[in-house]
Amino acid sequence: QVHLVESGGGSVEAGGSLRLSCAASTGDDAYGTYCLAWFRQVPGKEREGVARIRGGSGSTSTFYADSVKGRFTISQDNAKNTVYLQMNSLKPEDTAMYYCAWRSGLCATAPSAYISWGQGTQVTVSS
């Protein structure tokens with residue numbers, strides 16, 4: 001199991017930027033290939049995958065949803081066990097609760113594939 005804590009949410013105007021952080025405290029099962037993903041959710045809608053990064057295999061790969069491609073960047077600092085989501089050119093439709101999630105092995109699309117979740121951090125973008 002991996003314990004995740006998100007931070008960095010807040011309120012910004014459209015066109016602004018925020019950087020979310022996801023600090024991971026790892027256990028014995030956190031070694032090897034893993035995937036850290038950012039999801040977001042608004043009330044009444046399903047949780048949506050935003051970006052994910054696969055690591056632990058000597059190389060990293062990233063994936064972005066079409067809705068954020070070119071505006072969001074996911075990165076990791078292995079020394080700090082932290083994954084970041086840099087969000088630029090924010091739009092009102094980016095308003096949501098953002099969660100980071102972890103799973104062992106390759107990345108997956110479905111939220112149910114992730115076994116560790118943070119508590120979430122709210123992002124609000126005003127027009």
Side-chain angles (χ1 to χ4, degrees):
Q1 286 288 344
V2 175
H3 182 61
L4 304 172
V5 178
E6 303 99 332
S7 61
S11 297
V12 295
E13 293 185 349
S17 297
L18 284 173
R19 188 177 78 158
L20 306 183
S21 299
C22 175
S25 58
T26 59
D28 290 341
D29 59 352
Y31 295 98
T33 302
Y34 61 86
C35 184
L36 267 158
W38 285 98
F39 289 83
R40 65 187 181 187
Q41 189 170 26
V42 297
K45 292 191 176 182
E46 293 184 353
R47 198 161 289 191
E48 173 194 18
V50 174
R52 51 187 185 253
I53 185 166
R54 188 191 73 189
S57 57
S59 64
T60 60
S61 63
T62 58
F63 169 84
Y64 298 93
D66 287 343
S67 58
V68 306
K69 202 172 293 183
R71 300 188 298 121
F72 290 12
T73 303
I74 189 170
S75 62
Q76 62 181 2
D77 184 333
N78 290 329
K80 296 182 179 180
N81 283 343
T82 300
V83 170
Y84 303 99
L85 185 67
Q86 178 66 44
M87 305 186 297
N88 298 328
S89 302
L90 282 162
K91 304 175 181 180
E93 52 263 43
D94 294 318
T95 296
M97 183 72 79
Y98 283 71
Y99 300 89
C100 65
W102 177 91
R103 74 185 302 269
S104 177
L106 300 179
C107 287
T109 303
S112 59
Y114 293 79
I115 63 170
S116 296
W117 289 83
Q119 82 287 351
T121 186
Q122 178 68 38
V123 171
T124 302
V125 184
S126 58
S127 57

*Would you call K69-D66 a salt bridge at under 4.0 Å N-O?*
yes
*Given side chains that start at C-beta, do those of R47 and Y114 come closer than 4.5 Å, heavy atoms only?*
no
*asked:* Are the side chains of T33 and R54 in contact, using a 4.5 Å heavy-atom criterion?
replied: yes
_side chain to side chain contact (heavy atoms under 4.5 Å, CB included), paired with V123, selected from L20, V12, L85_ = L20
*Can you tell me how far CG of L36 sits from CD1 of I53, rounded to the nearest 0.5 angstrom?*
8.0 Å
*Check A96 against Q41 and note the closest heavy-atom contact, atom names and distance.*
CB-O, 3.5 Å
*Which word best sums up how the rings of Y99 and W117 line up, parallel for under 30°, tilted for 30 to 60°, or perpendicular for over 60°?*
perpendicular
*asked:* Test: salt bridge (charged side-chain N to carboxylate O under 4.0 Å, His left out). Region: residues 3-20. Which pairs qualify, not counting sequence neighbours?
replied: none
*State, to 0.1 Å, how close V68 and R40 come at their nearest heavy-atom pair, and which atoms those are.*
CG1-NH1, 4.0 Å
*asked:* Test side-chain contact (heavy atoms from CB on, under 4.5 Å) on C100 and Y84; report intermediate values, then the result.
replied: CA-CA 10 Å; C100 65; Y84 303 99; over 6 Å; no
_Non-hydrogen atoms of S127 and P92 that approach each other most closely_ = CB-CG, 3.8 Å
*To the nearest 0.5 angstrom, please state how far the CG atom of L4 sits from the SG atom of C22.*
4.5 Å
*Please tell me if the side chains of I74 and V83 come closer than 4.5 Å, counting only heavy atoms from C-beta onward.*
yes
*Give me the one residue out of R71, M87, Q86 that meets side chain to side chain contact (heavy atoms under 4.5 Å, CB included) with S17.*
Q86
*In terms of hydrophobic clusters joined by side-chain contacts under 4.5 Å, are M97 and L90 together?*
no
_Min side-chain heavy-atom separation E48-S67 under 4.5 Å_ = yes
*Evaluate the criterion side-chain contact (heavy atoms from CB on, under 4.5 Å) for residue pair I115 and W102; output intermediate values, then yes/no.*
CA-CA 6 Å; I115 63 170; W102 177 91; 3.6 Å; yes
_Closest non-hydrogen atom pair between K91 and V125, with its separation_ = O-CB, 3.3 Å
*Identify the heavy atoms of S21 and W38 that sit nearest to each other, and give their distance.*
O-CH2, 3.6 Å
*Taking the inter-plane angle between the rings of Y98 and F72 on a 0 to 90° scale, is it parallel (under 30°), tilted (30 to 60°) or perpendicular (over 60°)?*
tilted
